[in-house]
Engineer: 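This structure is in structure tokens; I'll ask about it shortly.
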Amino acid sequence: MLPVDGEFFVSAPGKVILHGEHSVVHGKVALAVSLNLRTYLRLQSTSSGEVCINLPNIDTFLSWEITALQPLLAGCKGEWRWIFELDADLLKRLREFTGISDDSIDTRSMAVLAFLYMYLTVFAESLASITVSVWSELPTGAGLGSSAAYNVCLSAALLSARGTISSPLTPQQESARWSKEEMELINRWAFMGEKIIHGNPSGVDNAVGTWGGFLRYHAGNITPLSWVPILRILLTNTKVPRSTKVLVSGVKDKINKFPSIMNPVLESVSAVSCTCEQTLTEMAAHRPSAEHYDILEELIDINQHHLNVMGVGHSSLDTLCRVTLARGLHSKLTGAGGGGCGITLLRPETDTSVIQSTVEELKACGFDCWETSIGAPGVQQHSSAALSQDILKILNSY
């Protein structure tokens with residue numbers, strides 16, 4: 001357990017689907033990759049007799065007396081919390097305690113529910129007085145894995161504070177990661193948080209947040225790839241709202257209506273993912289070449305055409321592709337489609353002026369746009385020196 005007034009910092013990345021959107025639900029190969037926009041968490045142990053959660057991104061600060069939370073654990077015995085299946089009775093009691101309805105999809109409510117569930121199950125034998133503050137560079141509801149990054153941070157921080165896993169940071173380090181076995185535990189707990197928020201998640205988002213880098217998803221199996229290069233991208237949020245459920249349903253309907261047409265499209269999307277994986281492996285084994293980038297750009301274009309055929313494109317995404325292609329850059333949607341976000345690959349030799357003019361035009365279209373990278377590290381513990389002053393100011397403001 002953390003000593004009174006002890007604290008530490010944790011971060012986890014967001015994610016994008018590089019190739020294979022909608023392949024996940026059809027048993028095909030998809031490639032997911034960590035996004036170097038991160039969620040940051042500060043956990044402080046206190047002697048207040050309260051547990052507090054502060055979420056500046058969604059304007060939430062709540063606290064509960066530990067004595068009020070303890071009765072919620074009535075009936076929970078032994079090692080039930082290590083089964084990694086949601087305890088329906090506890091979840092029901094938490095909903096009644098917080099007033100959050102069964103059908104609520106409110107971001108604030110789901111974040112609070114996931115926090116309380118994980119806090120109570122991790123500290124079941126002895127509830128600790130802690131204050132947790134979480135702030136994210138990731139926009140919520142944009143298909144970038146913001147909830148998974150949040151759950152990964154919670155899982156790592158609470159398990160470390162409880163002493164279930166180590167605190168890997170040494171005085172000589174600014175950032176450190178946990179062992180493979182500890183990361184597997186972090187991932188499993190984060191997946192439970194994702195179940196609370198999303199109901200039936202694939203597990204891809206929390207796996208990317210935990211392991212970082214590139215992951216291969218095929219027929220329910222998630223495999224982290226060996227070292228692959230970090231790639232520069234533009235990330236564009238069209239800010240066009242979309243329903244993942246509706247889009248997935250639309251793809252299924254099209255497959256059922258035109259199976260002889262759509263099944264080969266899905267097979268081709270899977271082949272794009274495999275070819276991309278092979279190219280990234282070659283880039284890791286050898287110095288990345290212009291030819292490698294040529295292949296990645298072609299795969300991006302092919303995949304975007306696939307997605308339009310599947311019916312998940314949008315005029316805003318067409319605008320993104322048009323604006324970037326006019327400058328020799330290649331873009332595609334990431335996630336469910338129908339709006340949402342897209343990524344644009346940046347070659348090492350891409351001139352800064354080209355990037356700046358592209359960002360300016362995309363912003364003039366009403367989009368949000370960031371230059372960042374993919375392939376970033378997964379969950380990490382940090383010293384305060386490793387974080388920017390802006391992030392520290394936010395996390396320390398409560």
Side-chain angles (χ1 to χ4, degrees), residues 13-22 31-38 57 136-146 229-244 247 272 276 279 288 290-376 388 390:
K15 76 92 176 61
V16 296
I17 300 295
L18 188 58
H19 290 297
E21 291 88 349
H22 297 274
L31 285 183
V33 58
S34 58
L35 176 66
N36 200 20
L37 294 175
R38 304 181 73 86
N57 287 79
S136 184
E137 296 172 326
L138 295 157
T140 59
L144 299 177
S146 59
I230 292 177
L231 303 176
R232 296 166 60 214
I233 63 162
L234 290 180
L235 174 69
T236 300
N237 184 2
T238 68
K239 297 191 285 189
V240 174
R242 76 284 182 275
S243 167
T244 298
L247 289 159
V272 166
C276 183
T279 303
E291 183 181 358
H292 288 133
Y293 277 92
D294 290 342
I295 293 172
L296 292 179
E297 288 175 342
E298 287 189 78
L299 294 176
I300 284 173
D301 293 341
I302 293 169
N303 195 196
Q304 181 61 23
H305 289 306
H306 282 141
L307 293 161
N308 282 327
V309 169
M310 293 164 68
V312 296
H314 190 272
S315 59
S316 62
L317 295 164
D318 293 339
T319 298
L320 166 63
C321 293
R322 174 181 54 78
V323 168
T324 56
L325 190 59
R327 292 168 173 81
L329 305 175
H330 299 256
S331 305
K332 64 178 289 293
L333 68 86
T334 177
C341 292
I343 58 173
T344 305
L345 181 64
L346 299 177
R347 300 174 75 111
E349 68 271 17
T350 303
D351 192 85
T352 302
S353 62
V354 172
I355 298 172
Q356 290 176 341
S357 65
T358 304
V359 170
E360 288 171 4
E361 185 168 353
L362 291 172
K363 288 184 175 179
C365 293
F367 304 156
D368 287 336
C369 192
W370 306 267
E371 181 182 350
T372 184
S373 60
I374 51 178
S388 72
D390 288 342

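For clarity, every value in this text was computed on a predicted model and none was experimentally measured.
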Engineer: So does Asp368 get a backbone contact from the side chain of Lys239, meaning a donor-acceptor N/O pair under 3.5 Å?
Structural biologist: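 No; judged by distance alone, with no hydrogens or angles, the pair does not exist.
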Engineer: Considering all heavy atoms of both residues, which atom of Thr319 and which atom of Cys365 are nearest to each other, and what is their separation?
Structural biologist: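 Distance-wise, the nearest heavy atoms are CG2-SG, 3.9 Å.
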Engineer: Please, which pairs that meet salt bridge (charged side-chain N to carboxylate O under 4.0 Å, His left out) have at least one residue in residues 302-327, sequence neighbours excluded?
Structural biologist: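 Those involving residues 302-327 are Arg327-Glu361.
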Engineer: For Phe367 and Ser316, which heavy atoms make the closest approach, and how far apart are they?
Structural biologist: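 Reported closest heavy-atom pair: CZ-O, 3.6 Å.
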Engineer: So with a 6.0 Å cut-off around NE2 of His292, is the heavy-atom count from everything else above 12?
Structural biologist: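 Enclosed: over 12 neighbouring heavy atoms sit under 6.0 Å from NE2 of His292.
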Engineer: Please identify each residue that fulfils salt bridge (charged side-chain N to carboxylate O under 4.0 Å, His left out) with Asp301, with sequence neighbours left out.
Structural biologist: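 Expected list: none.
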Engineer: Work out which heavy atom in Leu345 is nearest to a heavy atom in Ile300; give both atom names and the distance.
Structural biologist: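 Residues Leu345 and Ile300, closest heavy atoms: CB-CD1, 3.7 Å.
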Engineer: Heavy atoms only: give me the nearest Thr140-Ser146 pair and the separation to one decimal.
Structural biologist: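 Between these two residues, the closest heavy atoms are CA-OG, 3.6 Å.
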Engineer: Nearest 0.5 angstrom please: Thr372 OG1 to Arg38 CZ, how far?
Structural biologist: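 Separation between the atoms: 10.0 Å.
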Engineer: To the nearest 0.5 Å, what is the distance between CG (Leu235) and CG (Asn36)?
Structural biologist: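 Here the rounded value is 11.5 Å.
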Engineer: Would you list the pairs meeting salt bridge (charged side-chain N to carboxylate O under 4.0 Å, His left out) in which at least one residue belongs to residues 334-354, sequence neighbours left out?
Structural biologist: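 Applying salt bridge (charged side-chain N to carboxylate O under 4.0 Å, His left out) to every pair that reaches into residues 334-354, excluding sequence neighbours, yields Asp294-Arg347, Glu297-Arg347, Arg347-Glu349.
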Engineer: Got a donor-acceptor contact below 3.5 angstrom from the Glu21 side chain to the Ala336 backbone?
Structural biologist: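 Not at all, since once roles are kept as given, no pair shorter than 3.5 Å links the two residues.
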Engineer: Tell me, with the steps shown, if Leu35 and Ile374 meet side-chain contact (heavy atoms from CB on, under 4.5 Å).
Structural biologist: CA-CA 5 Å; Leu35 176 66; Ile374 51 178; 4.2 Å; yes
Engineer: Distance from Leu329 atom CG to Cys321 atom SG, nearest 0.5 Å?
Structural biologist: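 It comes to 11.0 Å.
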Engineer: Apply side-chain contact (heavy atoms from CB on, under 4.5 Å) to His22 and Leu247, showing your working.
Structural biologist: CA-CA 9 Å; His22 297 274; Leu247 289 159; 4.3 Å; yes
Engineer: How close do Ala142 and Asn237 get, heavy atom to heavy atom, and via which atoms?
Structural biologist: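 So the two residues come closest at CB-ND2, 4.1 Å.
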Engineer: Tell me every residue that passes side chain to side chain donor-acceptor pair (under 3.5 Å) with Thr324, counting only those two or more places apart in sequence or in another chain.
Structural biologist: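 Ser331.
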Engineer: So, Thr236 side chain and Cys369 main chain: donor-acceptor pair closer than 3.5 Å or not?
Structural biologist: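 A pair under 3.5 Å: no.
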Engineer: Where do Gly375 and Ile230 come nearest, in terms of heavy atoms and distance?
Structural biologist: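 Minimum heavy-atom separation between Gly375 and Ile230: O-CG1, 3.5 Å.
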Engineer: Donor-acceptor pair, Lys332 side chain versus Leu18 backbone, under 3.5 Å?
Structural biologist: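 Present.
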Engineer: Would you compute the distance between atom CD of Glu291 and atom CG of Leu296 and round it to the nearest 0.5 angstrom?
Structural biologist: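 With rounding to 0.5 Å, CD (Glu291) is 11.0 Å from CG (Leu296).
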Engineer: Is there a donor-acceptor pair under 3.5 Å between the side chain of Thr238 and the backbone N or O of Gly340?
Structural biologist: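 It does hold such a pair.
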Engineer: Within the distance-only criterion (no hydrogens, no angle test), does the side chain of Lys15 pair as donor or acceptor with the backbone N or O of Gly143 below 3.5 angstrom?
Structural biologist: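 Yes, Lys15 side chain to Gly143 backbone: donor-acceptor pair under 3.5 Å.
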Engineer: With distance as the sole test, does Asn303 use its side chain to make a donor-acceptor pair with the main-chain N or O of His19 at under 3.5 Å?
Structural biologist: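 Judged by distance alone, no pair lies under 3.5 Å.
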Engineer: Sequence neighbours left out, what passes salt bridge (charged side-chain N to carboxylate O under 4.0 Å, His left out) with Lys363? Give chain and number order.
Structural biologist: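 None.
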Engineer: Within this structure, what is the CD1-CD1 distance for the pair Ile343 and Ile233, rounded to the nearest 0.5 Å?
Structural biologist: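 Ile343 CD1 to Ile233 CD1: 5.5 Å, rounded to 0.5 Å.
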Engineer: Let's go through Thr344 and Thr358 carefully: what are the C-alpha distance in whole Å and the side-chain angles of both, what is the deciding distance for side-chain contact (heavy atoms from CB on, under 4.5 Å) to 0.1 Å, and is it a yes or a no?
Structural biologist: CA-CA 10 Å; Thr344 305; Thr358 304; 5.9 Å; no
Engineer: Using salt bridge (charged side-chain N to carboxylate O under 4.0 Å, His left out) as the criterion, list what pairs up with Glu371, not counting sequence neighbours.
Structural biologist: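 Listed in chain order: Arg232.
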Engineer: Does the side chain of Cys341 come within less than 4.5 Å of Val16's, by heavy atoms?
Structural biologist: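 In short, these two side chains do not touch, never coming nearer than 4.5 Å.
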Engineer: State the OG-CG distance between Ser373 and Leu231, to the nearest 0.5 angstrom.
Structural biologist: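 Reported to 0.5 Å precision, the distance equals 8.5 Å.
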